[in-house]
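Values below: every heavy atom of this structure, side chains too, minus hydrogens, waters and symmetry copies. The residues of the chain are indexed from 1 along the displayed sequence. Being a predicted model, the structure only gives us computed values, none of them experimental.
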Amino acid sequence: MDVTGVMSRDAQRSAAGSVDVATEPVEAGPLASVAGALWRGVTYAARTVGVPAGVRGLAVELAYTAVHLSLYPWGLIDEVLRPAGTFVHHRTDALSPSQRSLVVSDMDASTTPVLLVHGIVDNRSIFALLARQLRRRGFGVVHAVNFSVLTAFTGDIRDAARELGHHVERICASTGADRVHIVGHSLGGLMARYYVQRLGGDARVDTLVTLGTPHRGSLIAHFLPPTRVPQQLCPASDLVRELEEPAPGCRTHVVAVWSKQDQLIIPQSHARLEHPDLQVTEVTLEHVGHLSMTIDPEVVHLVSRLLARRPLRAGRDQRALAG
């Protein structure tokens, strides 16, 4: 795992200079494009099945996919049983002293609500483990929202981002908080980024974490039904181009987590976030699948620290960076 901070326009441009030239040719002919796609396929296969860590990552992804499918119905039922979610509960006295450590060390971080936003045709069950771990680490208000499964086929990412803004306002009204953190998986990260970058959501969102989000689209979208959302997820779509427009003064800190073994973001580098006006911390994973990003222990550990704005330290954090 590697973590890179990008905090200024000059730093972003210097970093982009070494990345874009190597990975995204400006003008490539059809033959070069096919050769590039074949080479990316070969290197992906080598990373996935050519090393023990890749095989282990694939096994974890398959196992978690099966577990998630079994939890999927509960994600729908839970919304009916608890429509208010958990953001009405603030008590932490049932936690052990170690679990309350975040509250003691950083009251602002522990009382800032965390909103979890799922991806395409998914629901809040994808965050079952992550939500539990965040609460155990002292975040008092962790709420997961459900979007309609039809959003992927009959909806629009811009409209979903506006609805996300309404959810944020309701959470702030219910908790008395001025700002929230958002963790968005896959499409959920793109909704949240649009809200932050284009709808003034940076006034409400302190930190946005995107997990496996197709910031520059994914070629997989070409194989989905030709409705509005899949079209918006295609590389160079109108929405992708809109998000590349200037966003001066954006106040939200963005943590972009992406994996070189992601099965659904093609090419995987399209989950990277490079924008001259955004403050970005990039977390690069080597052998973690698309779904299992939400349960990877090192991701949970680093995300919880970054949400609390706690600096990374020697020891476990350094092992995570080197892993």
Discussion item. One thing to verify: whether Glu244 and Arg216 come together as a salt bridge, which I'm taking to mean a side-chain N less than 4.0 angstrom from a carboxylate O.
Written reply: no
### Joint hydrophobic cluster, Leu134 plus Ile126, side-chain heavy atoms closer than 4.5 Å
yes
Between Gln232 and Asp238, do the side chains contain an N or O donor and an N or O acceptor separated by less than 3.5 Å? no
Which of Val168, Asp206, Thr175 passes side chain to side chain contact (heavy atoms under 4.5 Å, CB included) with Pro113? Answer is Thr175
So CE of Met191 and CD of Glu163: to nearest 0.5 Å the spacing works out to 10.5 Å
> Is there a chain of hydrophobic side chains (I, L, V, M, F, W, Y, each step under 4.5 Å between heavy atoms) that links Val299 to Trp258?
Replying inline: no
Heavy atoms, side chains only, cut-off 4.5 Å: are His143 and Ile171 in contact? yes
Distance col, row Ser304:OG vs His181:NE2, nearest 0.5 angstrom, shows 11.0 Å
In this structure, CG of Leu208 is separated from CD of Gln279 (nearest 0.5 Å) by 12.5 Å
**OP:** Compare all side-chain heavy atoms of Arg204 with those of Cys172 and state whether any distance is below 4.5 angstrom.
**Re:** yes
One should read off an interatomic distance between Asp156 CG and Leu239 CG, to the nearest 0.5 angstrom, of 7.5 Å
Distance col, row Ile120:CD1 vs Leu224:CG, nearest 0.5 angstrom, shows 5.5 Å
Exercise. Should Leu187 and Val205 be regarded as members of a common hydrophobic cluster, given that ILVMFWY residues are connected when their side-chain heavy atoms come within less than 4.5 Å of each other, either directly or indirectly?
Worked result: yes
Please verify the inter-ring angle class for His290 with His185; under 30° counts as parallel, over 60° as perpendicular, anything in between as tilted. tilted
Any non-hydrogen side-chain atom of Leu307 less than 4.5 Å from a side-chain atom of Val209? yes
Taken to the nearest 0.5 Å, the spacing of Ile265 CD1 from His270 NE2 works out to 10.0 Å
From the list Leu278, Leu243, Val257, Thr210, side chain to side chain contact (heavy atoms under 4.5 Å, CB included) with Leu273 holds only for Leu278
Are Ile157 and Leu199 joined in one hydrophobic group, where the rule is that I, L, V, M, F, W and Y side chains link up if heavy atoms are under 4.5 Å apart? yes
key: Test: Glu245 and Arg198 ion pair at under 4.0 Å   = yes
